Amino acid sequence: MNIHKKDIIIIGCGCIGLSAGVILLKTGDYNVKIWAKDLPPNTTSNKAAALWYPFLSEPLDKVGRWSQETMDYFKKEIIPLGVEKTGTLTKKVYELYRTPRAQLPEWSPFVPSFRRMKKEEMLDGYIDGFTVEDGFVMDTDQYMDWLVESFKALGGSIDQREVVDIREPFIYADIVINCSGLGARELIGDRLVYPSRGQIIVVDNTRDISLMDEEDEYQLGYVIPRVHNSVLGGTNQQHNYNLEPSKKDTEEILDRVAKISPQFERKNLKILGEKVGLRPSRYSIRLENEFMQDGRKLLVHNYGHGGSGFTVSWGCALDTLKLVRKGADKLKTSNKSDVPWYSLLNKRRSSSSCSFVND
Ligand SMILES: Cc1cc2nc3c(=O)[nH]c(=O)nc-3n(C[C@H](O)[C@H](O)[C@H](O)COP(=O)(O)OP(=O)(O)OC[C@H]3O[C@@H](n4cnc5c(N)ncnc54)[C@H](O)[C@@H]3O)c2cc1C
Ligand SMILES: O=C([O-])C1=[NH+]CCC1
């Protein structure tokens with residue numbers, strides 16, 4: 001641990017916590033540790049499709065900027081490393097509609113390659129749609145493993161531990177980043193974050209373009225071809241905590257993707273498995289500073305990314321760095337004579353160890 005660097009603890013080892021950790025470590029200004037209850041492959045992030053496409057997340061203007069910054073980051077820092085390393089491929093995306101869509105998505109002005117689909121590109125049964133030429137898809141488990149490797153290679157360390165009281169990490173660091181996803185409901189009592197249950201089916205590889213039928217945002221049909229397999233989706237069941245795959249959902253997803261194109265009819269597919277994850281949905285992604293303990297401690301919130309965590313991950317990580325820098329400058333120094341409120345907590349936890357403890 002380098003005593004001239006500021007100590008930071010990130011709560012959460014999903015795509016949001018890991019991306020924030022990589023960006024913070026790349027500056028060379030921080031010692032960064034992740035504390036997380038679940039590690040990859042047992043996070044929501046590992047259950048994602050995953051495709052670059054803003055979906056089920058707000059506010060759409062910021063989601064647009066974060067999505068574009070994420071796309072830029074992928075193009076510059078990730079795609080050039082090669083698909084074997086990161087499990088990431090550039091992939092054109094078609095979003096298909098059976099009814100006319102006068103309104104363009106609010107995030108579209110931020111994405112230069114976004115356009116309305118041409119008549120000749122349209123699939124049978126659809127009359128309108130949008131496309132992004134340079135989206136990307138990733139084999140999620142492989143990408144998450146690469147994120148963990150990158151974080152550790154930059155000097156980051158990961159502790160598998162549940163945080164029951166948000167004040168605990170502040171014993172060891174003045175700056176804590178809350179990337180707890182749906183866990184923020186319990187961790188900080190934010191009842192505005194809730195699960196949107198998503199179920200996907202993993203099948204043998206299908207075709208070269210990602211196709212999303214979002215005519216009904218609750219009855220989704222999508223086909224996301226990846227490196228080693230393809231993902232069919234999906235569901236969007238709000239406040240549903242069931243983590244078990246449902247046969248009914250599998251049947252309905254297969255019916256919906258068969259409507260996208262006959263090539264996705266069940267007889268043409270080889271099902272390899274099913275996955276269920278609970279998207280951390282919220283009326284708005286929370287990315288902001290909160291000062292604790294009379295301004296001596298900084299809590300940076302970065303959670304509630306709904307169906308777009310991968311799509312906005314690097315944009316949100318870059319904004320997290322800006323918030324850390326802004327907040328750190330405003331931190332009041334702890335007056336040594338103050339009896340820290342947590343000294344009792346500290347005594348109770350004399351067994352807990354963490355390299356940041358300043359003796
Ligand atoms: C089926 C499905 C398909 C999806 N497809 C896509 C897609 O194609 N593109 C896209 O951009 N997004 C997609 N998403 C959404 C994306 O998966 C999420 O937005 C993203 O995973 C959220 O990342 P996160 O790091 O915030 O959360 P998580 O991955 O849930 O990570 C949260 C972390 O915080 C930890 N934690 C929580 N509480 C505590 C605590 N008290 N103490 C310690 N640790 C704690 C957890 O253990 C975990 O490590 C999909 C989601 C689902 C379910
Ligand atoms: O959450 C989800 O199911 C998806 N997000 C982007 C494409 C599909």
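The chain is numbered in sequence order, starting from 1. The structure displayed is predicted, hence computed values, not measured ones. Counting starts at 1 for both ligands and their atoms, following the listed order.
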Going through the checks in order, is the ring-ring contact (aromatic ring centres under 6.0 Å, His included) test met by W35 and Y172? CA-CA 12 Å; W35 287 5; Y172 307 101; 5.7 Å; yes

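Within ligand 1, the atoms closer than 4.0 Å to a non-hydrogen atom of C13 are 33 (C), 48 (C), 49 (O), numbered from 1 in the order shown. If you number the atoms of ligand 1 from 1 as listed, the ones under 4.0 Å from a heavy atom of G183 come out as 37 (C), 38 (N). Below 4.0 Å from some heavy atom of A36 lie the following atoms of ligand 1, by number and element: 43 (C), 44 (N), 49 (O). Each of the atoms 2 (C), 3 (O), 8 (C) of ligand 2 lies under 4.0 Å from some heavy atom of Y222. Atoms of ligand 1 lying under 4.0 Å from at least one heavy atom of G181, given by number and element, are 26 (O). The contact set between ligand 1 and E162, taken as ligand atoms under 4.0 Å from a residue heavy atom, comprises 42 (N), 43 (C). Interface of T311 with ligand 1, defined as ligand atoms under 4.0 Å from a residue heavy atom, comprises 9 (N), 10 (C), 11 (O). Atoms of ligand 2 lying under 4.0 Å from at least one heavy atom of Y53, given by number and element, are 6 (C).
Between I200 and ligand 1 there is a heavy-atom distance shorter than 4.0 Å. Under a 4.0 angstrom heavy-atom cut-off, C179 registers as being in contact with ligand 1. The closest approach between R161 and ligand 1 falls below 4.0 Å for a heavy atom of the residue.
Nearest non-hydrogen protein atom to atom 1 (O) of ligand 2 is R279 NE, 2.7 Å. Looking only at protein heavy atoms, the nearest one to atom 13 (C) of ligand 1 is G307 O, 3.4 Å. Scanning all protein heavy atoms for the shortest distance to atom 34 (O) of ligand 1 gives G12 CA, 3.2 Å. Of all protein heavy atoms, the one closest to atom 8 (O) of ligand 1 is L51 N, 2.7 Å. Protein heavy atom in closest approach to atom 15 (C) of ligand 1: G306 O, 3.2 Å. Scanning the protein for heavy atoms near atom 5 (N) of ligand 2, the closest one is G307 O, 2.9 Å. Scanning the protein heavy atoms around atom 51 (C) of ligand 1, the nearest turns out to be R279 CG, 3.5 Å. In this structure, atom 4 (C) of ligand 2 lies nearest to the protein heavy atom F55 CD2, 3.5 Å. Scanning all protein heavy atoms for the shortest distance to atom 22 (C) of ligand 1 gives P280 CG, 3.8 Å. From the protein, the heavy atom lying nearest to atom 24 (P) of ligand 1 is I16 CG1, 3.7 Å. Distance from atom 50 (C) of ligand 1 to its nearest protein heavy atom, with residue and atom name: A48 CB, 3.6 Å.
Remark: D124 CG is loosely packed, at most 12 non-hydrogen atoms of other residues, nucleotides or ligands lying under 6.0 Å away.
Side chain to side chain, Y53 and E95 meet the donor-acceptor criterion of an N or O pair below 3.5 Å. D38 and T43 form no side-chain donor-acceptor contact under 3.5 Å, judged by distance and modelled atom types alone. A side-chain donor from one of T320 and N302 sits under 3.5 Å from a side-chain acceptor of the other. For the residue pair Y126 and D213, a side-chain donor N or O sits within less than 3.5 Å of a side-chain acceptor on the partner. A donor atom on one side chain and an acceptor atom on the other are found under 3.5 Å apart for E274 and T250. In the model, Q199 has a side-chain atom that pairs as donor or acceptor with a side-chain atom of R197 under 3.5 Å. T140 and R226 share a donor-acceptor pair across their side chains, judged by distance under 3.5 Å alone.
Considering backbone and side-chain atoms alike, K37 places an N or O below 3.5 Å from some N or O of ligand 1. Looking at L39 next to ligand 1, no N or O pair under 3.5 Å apart turns up. Of the N or O atoms in F310, one or more lie within a sub-3.5 Å distance of an N or O in ligand 1. The shortest N/O to N/O separation between T44 and ligand 1 falls below 3.5 Å. The N/O atoms of Y222, backbone and side chain alike, include none that comes under 3.5 Å of an N/O atom in ligand 1. Of the polar atoms of I11, none of the N or O atoms is found under 3.5 Å from an N or O of ligand 1, judged by distance alone. Annotation: G198 places no N or O atom under 3.5 Å from an N or O atom of ligand 1; distance criterion only. On a distance-only criterion, S45 and ligand 1 share at least one N/O pair closer than 3.5 Å.
In this structure, S230 and D204 have side chains that are not in contact, with every pair of non-hydrogen atoms separated by 4.5 Å or more.
With a heavy-atom cut-off of 4.0 Å, K47 touches ligand 1 through its backbone alone.
Note on K33 versus D7: no salt bridge recorded, every NZ/NE/NH1/NH2 to OD/OE distance being 4.0 Å or above. Under the 4.0 Å criterion applied to side-chain N and carboxylate O atoms, D319 and R65 are assigned as salt-bridge partners. No salt bridge links E215 with R98; every basic N to acidic carboxylate O contact stays at or beyond 4.0 Å. In this structure, K92 pairs ionically with E121, as a charged nitrogen and a carboxylate oxygen lie closer than 4.0 Å. Salt bridge K26/E77: present, at least one basic N to carboxylate O contact under 4.0 Å.
A side-chain contact (heavy atoms from CB on, under 4.5 Å) with F291 holds for exactly one of K330, K297, K332; it is K330. Put simply, the residue from S281, S67, S308 that forms a side chain to side chain donor-acceptor pair (under 3.5 Å) with S57 is S308.
Below 30°, between 30° and 60°, or above 60°: for F130 and F114 the angle between ring planes is between 30° and 60°, a tilted geometry.
Nearest to atom 37 (C) of ligand 1 by heavy atom, out of S180, S57, G304, is S180.
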